[in-house]
Structure formats: structure tokens, C-alpha cells
Amino acid sequence: MALQNVEQLRRLLCLEPSEGNVLRDCGSRIAPDIPEIARKFYDRLEALPDAAPLLAGKRETLVAIFARWIASLFAGEYQDGFWAEQERLGAKHRRIGIPDAVLAAGFSILRTELIITLLNTENPEPALVAVNKLLDLCQYIFETSYLRTTEHDRIKSLRALSQEFDPETFFHAATQQACQLIGADGAALILQEDDWLQYAFFQGLPESYRRLAAHRFPISSGTAGLALLRKQPVYEADYPHSSCAMPEFVEAGLRGSLALPLLGPDGGLGVLTVSWFASAPPEWIAEDAWDFLRLLSDLLANVLYRTQLESRLEGLATRDTLTGLPNRRAFPDRIAGAIARARRHSTLLALLFIDLDGFKPINDQLGHAIGDATLIAVAQSLRQAVRQGDTLLRYAGDEFLVLLEETGHVAEIEAVTSRLLLAIRRDVEKDGIKLPLSASIGITIYPFDEATVEELVHHADQAMYWAKQAGGNTWRLYEDHTPVSLDSEDLLAELERALERREFRLYWQPIIELQSGRISGVEALLRWQHPERGLLTPGAFLEELERSPLMPAVGDWVLQEALAQAERWHRDGKDWDIHVNLAAVQLEEPGFAHYLERLLYKHPDLHKDALWLEIVERVALRDIPATAGMIQACRKLGVHFTLDDFGTGAAAIQYLVELECSGLKIDKSLVSPQGQNGKHHTMVRALVDMAQSLSVKIVAEGIEDAETAEKLINLGVTHAQGYHFSRPVPAEHLEQDVVDST
């Protein structure tokens, strides 16, 4: 209440200055009785059921506070500060949870006690008139402030609720407020599914009622059905004797029920029911409470509708438009769920990575229309070949994933795989041209391969390449091909032969500009095309190679091949950044800058400012002055340097400045856990802020899903790479694979 309104009310009640003098004199007469008045007040207040819990353990403190307040009423000075204090006390009573009925009863008790006391004084009439006027004014200010605070708190709580987007979280927060408002025991959310109603969430309900959670009943039944039919709230204060009563709920002890329909643009979404079991339902619900309850139900309906809409949009986002199969955005959740079920039921889970043999000639020679028709036909054949309960996804381009669940034997997996190979094998014909189509399939089996979701896909992909290297139209089972089965001498001899026979390959993984989704750069990655074991990743040989005298030669080969390929791309108008990893021996070679200058001279069409040489954090920090000197010499040639695997070692931000690196790569170990660990999220945000202030380019590594990519965009990260966009591929496959996957 504004103070000018208080003044208007004070004049209306005619509290004259002379009456202030009367009240001051009255205070002097009753001063010895005030402690007793306060004690009697709380004696009578404790008899009120709603007040007793509020006084438990606080009586003596409250009596002393109340006695001081009574004394202040008889001070005889009633300026703005006095009325503002009454306004503050009214708000405080609301904030500490004093029911409005207790507040009104308190003033009634105080009035009675003061009248009894004043009647025992000489000439009580002027004092009684003045006291009644003063209490009328104080009570009005208390109650007005109390109500205004109530409305303010409700609006504040509604604003907080409006920020909740998860239906279950919103339900629990909203129903807690609703139950407090009307003295109910609990609430439930009932969702509409076609012509049926089904419970979703409970709040504060007894076990006898919660057992009905699985209960599904027709949309026309009970108070919930009636509320949806009328599109209006339905309140039954005596539920057992109402025409809407359902026997199972009466038996569960339901005494009163309020059903609020949840309506969306397309009709009913469900019902919010508020229930009374132990508490007695009120005979009627106040109009202001009705308004608040209707607003709560409208907000809940909006959350439900938005969630359902997002679910439908998510379904579209995770569905391949050509084949109708789930796409690569759906596979992390599908695989994670399958792993959980395999663990729970102690069964095998097989992940099959399928790549079509001969699809590129079909697409190129017979046309994209025939290529699309072939993919649709293959998808249909695979649907028919997999077992009921298995999952089929289109991963990218001409690649598919199959999840075989509930398998007990490897022989069962082999049988299904053979059936899939047979289902795919065919000839595709147009205008007299007939081209063969088959498939290479890689298999990894959980829990024999007890890896993460991303690693399982990678391992199945690896096995698929082994199948393709074997000639295609076959399958291979993933095995962890590591050098532990060979001693160092044997592996070193094989690496020497690999260099002589040109068995090393460069694969390329794109770096994506997150906002546009286009390729902005590529990273060169070393692979070994082993004549017997197929394509090997660096995990199988790099550690031994880095310790061997072969590393300088292999490092030089990588750099030469990468620059030659980069020049071809730049000539073709593909103005991509080219990232090349430097080995430790190259980084520490005193003449490396001169060697690089000679290489750049051989490739005049290469855009030098597009070359980014990557140095691993742990190597860069061995000798910071020497490394900084080498980087400075190379940067004079126009190239850039990136600090790789940032976050895995001891590097501090200061090293970026000392080493004059133009970029850094945030390691996967920081990127992947963001959804589960707020500290990682904070660290990435700090790195982005730091990079922007230093004009350092950041690339996030190891992006495995759309959710992580979206979080990085929100943090200000502009570039990223990972399996979500593309696995490393040969140069000739790079553009098509990325287009298909993004």
C-alpha cells in the first residue's frame, strides 16, 4: 500500500492528533498489563488448529516480540514510519507462512484482550474508540500488504515456472504450489492417448493411490474425463458420493478431487488432478485461487504441447528422408539403450557396419535417381532380413548400421550377417548397363568389445574396411589389432617394409564451420594399409614408430603428401585450411624451418596462410624457448601453428602467448563430458573467452552428436571435427561423405 493511501485511510477513520494523545495516555495506564495481554493472546491463538504448528518451540520469543509491538501501538506518534512498519509486518506474515485466517483471528483476539483491559481503567470510552480506530487501520494495512505480497509471490513463482521446460520438473513445482494454495494432499498428471487416459506423474499421493499408476481408463470416465469433455475444471468436494466416482479410486481413499483440463491447439492433452485424502476438501474454492489454478494448468498445457511438438520435430530430425530409416543422429541413443539392455539381460549385442560395394559406379554411371532407388530398395531388403526387435539405421551415404540384440551365440550373429549379405547382393540395370552391388560388413560384439558408443561404431567401421580390403561381399569381426602380439623388432621390421612398399596412407577428417555446416578445413591423419591385417589406425603402430629411426622419414612423407594434396585442392578452388601434425623429431629439428621453406617453394599454388601445423601439447612444452624459436621462424613463411590436444597435459594459457600459436584444439576429454559435468562446460567457456581475447582460433575435437555441437555453438565455438560430421576418409571420398552425413 502506498503511503498516500494510508494517509487517506487515516483521515477517513478520523484518527485525530488528540486521539493520539489519548492512545499515549492509554499506553501508560496499561503498560504493566502488556506482557499478560501478549501471553493471553498466544494462549487463545494456540487453540486455533492452523496456528498451533506455527508456534511450536517459538512461543516465548514470539510473546516478547508481540508485547513490543503492542507497546508501539500506544506510542502516540503515527507518522509515515509507523505506517510503513505495519505494511512491512503484513508482508512478513505472508512470507513466513501465516495463513490469512490466522492473521484475521489474531486481530480479533487482540481487540478482545485490549477491550477487556481498557474496561478496567477509569473513563475507558475515549480510549476504546481510539483503539478500535487504530486497530481497524492497522488490520487494513496488514491485510492489504499481506494480499499484495501474496500476489507478488505468486507472480514470482509463475515467472520461475515459466522457465521450466521439462514436463516432470514443471509438474512437481506447479502442483506443490497448487496443493499449498487449496490445502490438498497431492496431485497427478494424466495424459490423453487416443481414447484413453493414462497416469504420468504423481506428487504427494498415498501408496494406495500410486498403485493405480498403471491404470488406464476410457477418456469419458471420472472427473478427468468430464473435465476434458466440458473443457472446464470439475471439482467434487465429496468424491465418494459424486456421479463421477470410480470404485477403484474410492477404495484408494480419495475424498475430494479437482480436475483441470490441459488443452492444446489441437484439443485435449491431459488432465491435472488435485486430490484430498487425509485432509478435508474445502466446500468451495475462492475465486482468486481458481484464477491461479487455471493459470497453472494453462502453463502446464503449454509445456506439454511444446514437449510433444519438440518430440515430433526430433522424430523428423532423426529420420532419414530418403529411406525412412532412423539416421545417424538417432544412433547414439539407440546404441546406448541396447548396451544397457544387453548388460541387464546378460546377452550379446552385435553392431554391424554395412558399406555397399559398387554403389559409386551405380550412382555415377546410371544416375542419382537410380542410386536413390537402389538405396531405398536395399533399405527395404534389410528391413525384411533383420529380426523383429533389431534396429536398422542409415548412417551416411551408402552406409547402414544394424543392432542385433538378445543374441546368445556368435553363430546366431553370423547367420543374420550372412542373410544380410544375401539380401543386398543384386545387379542394378539401366539402358542395357548392368552393374553389380554387394556389401562389406564389419561386426563388433558387446561385451567382448567393452567400449563406448563412439568406439563401438569406430570398431565396426574398422572391421568393415577389413572386409572391403578382402574383396567385399563378405564380413569381418573386429579384433583389437595392437602391436602387443609382436615384439618391437618384428614390428619395426614391418614398418620398414611399409615405408619401402608405400603402404602408408593419408586419410582426411573435415573441420566444420558450425554455424553454416560447411567444410572450412581438413586434418591429415596417418594410416597403414597392412597387406594382411587391413587398414590400421595409429594406435596399432605409432608409439613404436615414434621411438624408431624411421619417424623422420615418415614425418617428411606425411608433410610432402599433405602439401601436394592441399595444392590440388587449392587449384580446384577448395580454399580449405590444411592441418598437418608434426612429429616430435620434426619439431625439434634445428633446420626444420629451412626444410619447410623448400617444400613450400615446390608448391607455388598452395595458399601458405591456409597451412596449420599442429604440435602436441606435451611435446611443445619440452623446450619452450627452442619451440618458440622454431615457430617464429616458420611463421615468417606465412604458415600458422595450432596447439593440439589442449587440456590433456600441463599447458597453461601463457604458453599460447609464448609459443605464438594462432590456434588450439580442445581435446575430446573436455568436449565429450559437457552434458554430465558442469566443470567441463565452464572450462570450455573460459577457453573460448580467452581465445577470443587473444584472437586465437579454436577447434573442438571429438564431436560425436548433435547435442554437443549445439552446446559448443552456444558457447561461442565456431569450428569442430568429429564422427558426428565425418570419420577420416580418403581424399577422393571427402566431400561426398560429409555432404551425406550433414
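Treat the numbers as computed from the prediction; the structure is a model and nothing was measured. For the single chain, residues carry numbers from 1 onward in sequence order. Excluded from the calculations below are hydrogen atoms, water molecules and symmetry mates; all remaining heavy atoms, backbone and side chain alike, are included.
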Indicate whether the side chain of [X] and that of [Y] have a donor and an acceptor atom separated by less than 3.5 Å.
X      : Y      : answer
Gln384 : Ser381 : no
His368 : Asn363 : yes
Thr417 : Glu414 : no
Glu494 : His530 : yes
Asp449 : His459 : yes

Heavy atoms, side chains only, cut-off 4.5 Å: are [X] and [Y] in contact?
X      : Y      : result
Phe504 : Leu495 : yes
Ser662 : Arg635 : yes
His579 : Thr642 : yes
Tyr595 : Glu589 : no
Ile335 : Val457 : yes
Leu582 : Phe592 : yes
Leu637 : Tyr601 : no
Arg476 : Ser440 : no

Note to self: Exactly one of Leu392, Leu382, Leu393 should register a side chain to side chain contact (heavy atoms under 4.5 Å, CB included) with Leu325. Which one does?
What the structure shows: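 The passing option is Leu392.
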
Item checked: Phe400: which of Leu352, Ile441, Leu375, Asp355 passes side chain to side chain contact (heavy atoms under 4.5 Å, CB included) ->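 Result: among Leu352, Ile441, Leu375, Asp355, Leu375 is the only option passing the side chain to side chain contact (heavy atoms under 4.5 Å, CB included) with Phe400.
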
Note to self: As a quick check of understanding, evaluate side-chain contact (heavy atoms from CB on, under 4.5 Å) for Tyr446 and Leu403, giving each step before the final call.
What the structure shows: CA-CA 11 Å; Tyr446 181 89; Leu403 288 172; over 6 Å; no

Distance in Å, [X] [atom1] paired with [Y] [atom2], rounded so as to fall on 0.5 Å steps:
X      : Y      : atom1 : atom2 : result
Thr391 : Glu405 : OG1   : CD    : 5.5 Å
Phe541 : Glu544 : CZ    : CD    : 12.0 Å
Ile413 : Leu477 : CD1   : CG    : 8.0 Å
Asp461 : Thr444 : CG    : OG1   : 11.5 Å
Trp528 : Leu542 : CH2   : CG    : 11.5 Å
Asp556 : Glu561 : CG    : CD    : 12.0 Å

More than 12 non-hydrogen atoms from neighbouring residues, nucleotides or ligands closer than 6.0 Å to [atom1] on [X], yes or no?
X      : atom1 : value
Lys602 : NZ    : no
Phe448 : CZ    : no
Arg344 : CZ    : yes

Could you tell me whether a side-chain N or O of [X] sits under 3.5 Å from a main-chain N or O of [Y], the two making a donor and an acceptor?
X      : Y      : answer
Arg334 : Gly337 : no
Gln509 : Val522 : no
Gln380 : Ala377 : no
Asp357 : Asn473 : yes
Arg426 : Ile424 : yes
Gln721 : Ile512 : no
Asp390 : Arg387 : yes
Arg727 : His724 : no
Arg518 : Gln515 : no

Next item on the list: Validate the cation-pi geometry between Lys665 and Trp612: distance from NZ or CZ to the six-membered ring centre under 6.0 Å, angle to the ring axis within 45°.
Entry: no

Identify the two heavy atoms, one from [X] and one from [Y], that lie closest to each other, and give their separation to 0.1 Å.
X      : Y      : result
Gly358 : Leu437 : C-CD1, 4.2 Å
Gln586 : Asn581 : OE1-O, 4.3 Å
Asp605 : His570 : O-CB, 3.6 Å
Val696 : Gly663 : CG1-CA, 3.5 Å
Asp427 : Pro436 : OD1-CA, 3.5 Å
Leu349 : Ala342 : CB-CB, 4.0 Å

Note to self: Check Lys697 with Asp577, please: is the shortest side-chain N to carboxylate O separation under 4.0 Å?
What the structure shows: yes

Item checked: Full working for side-chain contact (heavy atoms from CB on, under 4.5 Å) between His607 and Asp575 -> CA-CA 8 Å; His607 302 167; Asp575 194 18; 2.8 Å; yes

Next item on the list: Please test Glu399 against Arg394 for salt bridge (Lys or Arg N to Asp or Glu O under 4.0 Å), starting from the C-alpha separation and ending with a verdict.
Entry: CA-CA 6 Å; Glu399 297 171 341; Arg394 185 185 179 198; over 6 Å; no

Next item on the list: Would you check, one step at a time, whether the test ring-ring contact (aromatic ring centres under 6.0 Å, His included) holds for Phe353 with Tyr395?
Entry: CA-CA 9 Å; Phe353 197 114; Tyr395 187 67; 5.3 Å; yes

Next item on the list: Take His603 and Glu567, measure what side-chain hydrogen bond (donor to acceptor under 3.5 Å, both in side chains) needs, and give me the verdict at the end.
Entry: CA-CA 6 Å; His603 301 286; Glu567 185 176 43; 3.0 Å; yes

Check: Checking side-chain contact (heavy atoms from CB on, under 4.5 Å) for the pair Asp398/Thr374: CA distance, chi angles, key distance, verdict?
Finding: CA-CA 10 Å; Asp398 60 344; Thr374 301; over 6 Å; no

Notebook entry, point to check: Mind checking what makes ring-ring contact (aromatic ring centres under 6.0 Å, His included) contact with Trp475, not counting sequence neighbours?
Noted result: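 So Trp475 forms no ring-ring contact (aromatic ring centres under 6.0 Å, His included) with any residue.
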
Next item on the list: Quick one: do Leu563 and Leu611 satisfy side-chain contact (heavy atoms from CB on, under 4.5 Å)? Show the steps, please.
Entry: CA-CA 8 Å; Leu563 295 188; Leu611 180 60; 3.8 Å; yes

Next item on the list: Indicate the ring-plane relationship of Trp569 and Trp508, choosing parallel, tilted or perpendicular according to the 30° and 60° boundaries.
Entry: perpendicular

